[in-house]
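Notes for the one structure printed next.
Proteins come first, then strands; the chains are lettered A, B, ... in the order of their sequence lines, and each starts at number 1. Being a predicted model, the structure only gives us computed values, none of them experimental.
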There are 2 protein chains.
Amino acid sequence: MSDSGRRVGRPRADRQRPPSGLPPREELLGAAAALFAERGYAATTTRAVAERAGMRQATMYHYFGGKEELLAELLESTVTPSLELARRLLAEDDRPAERRLWELCRSDVLLLCEGPYNLGALYLLPEVRGERFAVFRRVRAELKECYRRLLARTAAGSALPADGLELRNALLFGLIEGVILIRDSGPPVPAEVFAEATAEAALRIAGGGIAHGRIADGGIADGGGAVAGADA
Amino acid sequence: MSDSGRRVGRPRADRQRPPSGLPPREELLGAAAALFAERGYAATTTRAVAERAGMRQATMYHYFGGKEELLAELLESTVTPSLELARRLLAEDDRPAERRLWELCRSDVLLLCEGPYNLGALYLLPEVRGERFAVFRRVRAELKECYRRLLARTAAGSALPADGLELRNALLFGLIEGVILIRDSGPPVPAEVFAEATAEAALRIAGGGIAHGRIADGGIADGGGAVAGADA
DNA sequence: ATTATCTATAGATCTATAGATAATGC
DNA sequence: ATTATCTATAGATCTATAGATAATGC
């Protein structure tokens, strides 16, 4: 069948690295992910990506239009499975929302931590504001919306006014995305453990008041408002 | 005195922008901060920085050895005041640790949110791993250590084993640093409100078990109250 | 004939230095 | 004399395209 030694097209010049088996597109994506994570997106050259994937710089253009296309595809491929899970969980009306939210958090952290490379840091690149990443941004926004809905179905969440909910959701989502960024700086703990600890932390943020509900309560800020009071 | 029109040296070519009054070094730092935040570090050229500061590209080298030097100085100037506050708080033995941790969180978020530009995103640049940023990394590590000590003096924290404490501290620190990154994506709420909401969320993470660890909740700004009641 | 690669390179940067210039200060 | 700026530019990239080449497929 595949007979890996017999491929169409001019053979590669660099015979160093083992074939890896993956199709060239995937090789390129992997190389890009690794380099973006290591050196940063802007600092990574097309030459570096191609070379790490075992081909010459120009050959990359046979598969991708440039660095941006690589980044866009990487970002979308990270966030899409997460959105799918989120939708599935959102539909499971019979299970408690807290539980589902916990699962979503855990699995998102795991997804980003366990992936071959830490793509989390790419989410926040200034480049991602560009037109080319509109799809990614939309999918990510939808994911965040799923978080919001799950949070709203939570005992604590349902007691919040709309803007309080929004704020709390931003914090929760921020924890998930933020924490992956600094994963390395924590203690060297298995991804599973880390993911569950993060999910639990997320639920605490979600959780109504531990002591009593309100959020930016503090009293300060706007005085008055904030209520949400729930009950004691 | 200063008679701003009469400065030594060849006059600037670009007479467009208003003088701003700041010394050139500061102008450069401000321009760099703005551009790093807008476009990203690697994507910002020395020319862009200099030009925004109102001078020609080459002139920048009169003040800084290059882009990295600008970044190093910006990072250090952000984290240093924070470390100072942390040390001060750590020394205030008479006040409850929960309360002090809350203040530290709040003020860190505020520092990063309110600053002229969102420097938070710079913390995680891959470039920051380089030799040139050793000082910054050390100061930041010391700051994190302060968080850890405060957390350990907390009712909930004191009950944790060492590695559990470490993990929880990583989450807490991650929340603070992570959340500033995504500040914009939340609801448009005043920085004060956002900072307090984040501080409260941080205390929830710090807080012991979900069902019981109460927090320095509602207490506020000062007023000794706040107490985080200990037991159940 | 088709395909996947290669080599070569034009054009567009960007950095960092050299050396000139236009102010004030003495 | 000193200083802060300027202009000019060498050298080092980096991207993206043009066109050649070495396989397989028919």
Side-chain angles (χ1 to χ4, degrees), chain A residues 1-29 31-32 35-36 39-72 127 130 132, chain B residues 1-29 31-32 35-36 39-72 127 130 132:
Chain A
M1 295 307 185
S2 82
D3 200 356
S4 45
R6 257 74 204 346
R7 299 176 50 252
V8 168
R10 179 170 177 176
R12 293 190 179 174
D14 183 0
R15 256 14 181 303
Q16 316 300 50
R17 72 198 67 236
S20 98
L22 295 173
R25 253 187 88 86
E26 310 303 315
E27 278 185 309
L28 285 165
L29 286 168
L35 288 165
F36 292 168
R39 306 185 199 172
Y41 172 71
T44 298
T45 67
T46 55
R47 161 180 285 256
V49 173
E51 222 97 274
R52 179 176 296 211
M55 65 192 71
R56 293 291 150 88
Q57 186 252 351
T59 305
M60 196 198 80
Y61 288 85
H62 191 65
Y63 298 99
F64 292 94
K67 242 186 355 171
E68 291 211 326
E69 223 169 285
L70 282 163
L71 179 58
E127 287 85 354
R132 209 148 189 172
Chain B
M1 284 316 194
S2 82
D3 199 356
S4 44
R6 259 69 204 351
R7 300 178 47 253
V8 167
R10 180 170 176 174
R12 293 192 179 174
D14 183 2
R15 259 3 185 307
Q16 315 299 50
R17 70 200 67 241
S20 97
L22 295 173
R25 254 188 86 87
E26 310 303 316
E27 278 184 309
L28 285 166
L29 285 169
L35 288 165
F36 292 168
R39 306 186 198 172
Y41 172 71
T44 298
T45 67
T46 54
R47 162 182 284 257
V49 173
E51 223 97 275
R52 177 174 301 210
M55 66 192 71
R56 293 290 152 88
Q57 187 253 352
T59 306
M60 197 197 80
Y61 288 85
H62 192 65
Y63 298 99
F64 292 95
K67 245 188 350 172
E68 292 212 324
E69 221 169 287
L70 282 164
L71 179 58
E127 287 87 353
R132 209 147 187 173

Atom CZ in B:Arg52, atom CG in B:Leu35: separation rounded to 0.5 Å?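 That separation rounds to 4.0 Å.
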Spacing of [X] atom [atom1] relative to [N] atom [atom2], expressed in whole Å:
X       : N      : atom1 : atom2 : answer
A:Arg7  : D:dT24 : CZ    : P     : 11 Å
B:Glu26 : D:dA4  : CD    : P     : 14 Å
B:Arg12 : D:dT7  : CZ    : C1'   : 16 Å
A:Tyr41 : D:dC14 : OH    : P     : 15 Å

What residues, two or more places apart in sequence or in another chain, satisfy side-chain hydrogen bond (donor to acceptor under 3.5 Å, both in side chains) together with A:Arg25? A:Glu73
Defining pairs by Watson-Crick or G-U wobble geometry with both distances under 3.5 Å, how would you list the stems of DNA chain D with at least three pairs each?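 The stems are C:1-24 with D:1-24.
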Give the nucleotide from the list C:dT7, C:dA22, D:dT3 with an atom nearest to the side chain of B:Arg10.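 When the side chain of B:Arg10 is considered, C:dA22 is the closest of C:dT7, C:dA22, D:dT3.
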Can you figure out which of C:dC6, D:dT15, C:dG25 approaches the side chain of A:Lys67 most closely? D:dT15
Whichever of B:Gly66 and B:Val8 has its nearest DNA chain C nucleotide further upstream toward 5':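 Going by which nucleotide is closer to the 5' end, it is B:Gly66.
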Taking the side chain as everything from C-beta on, heavy atoms only, tell me whether A:Leu29 gets closer than 4.5 Å to A:Glu26.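 They are in contact (side-chain heavy atoms under 4.5 Å apart), so the answer is yes.
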Salt-bridge present (B:Arg132, B:Glu69; N to O < 4.0 Å):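 A salt bridge links B:Arg132 with B:Glu69.
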Using a heavy-atom distance cut-off of less than 4.0 Å, which residues of residues 46-65 of chain A contact DNA chain C?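 Residues of residues 46-65 of chain A that come under 4.0 Å of DNA chain C are, in numerical order, A:Met55, A:Arg56, A:Ala58, A:Thr59, A:His62, A:Tyr63.
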Under the rule for salt bridge (charged side-chain N to carboxylate O under 4.0 Å, His left out), what residues qualify as partners of B:Arg39, not counting sequence neighbours?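 None.
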For A:Val49, does its backbone N or O pair with a side-chain atom of A:Lys67 as donor and acceptor, under 3.5 Å? no
Sequence neighbours excluded and cut-off under 3.5 Å, please list the side-chain donor-acceptor pairs for residues 57-66 of chain B, or say none.
residue: B:Gln57; atom: NE2; partner: B:Thr46; partner atom: OG1; Å: 3.1

Using the side-chain contact (heavy atoms from CB on, under 4.5 Å) criterion, which residues pair with B:Glu51? Sequence neighbours excluded. B:Arg47, B:Arg56
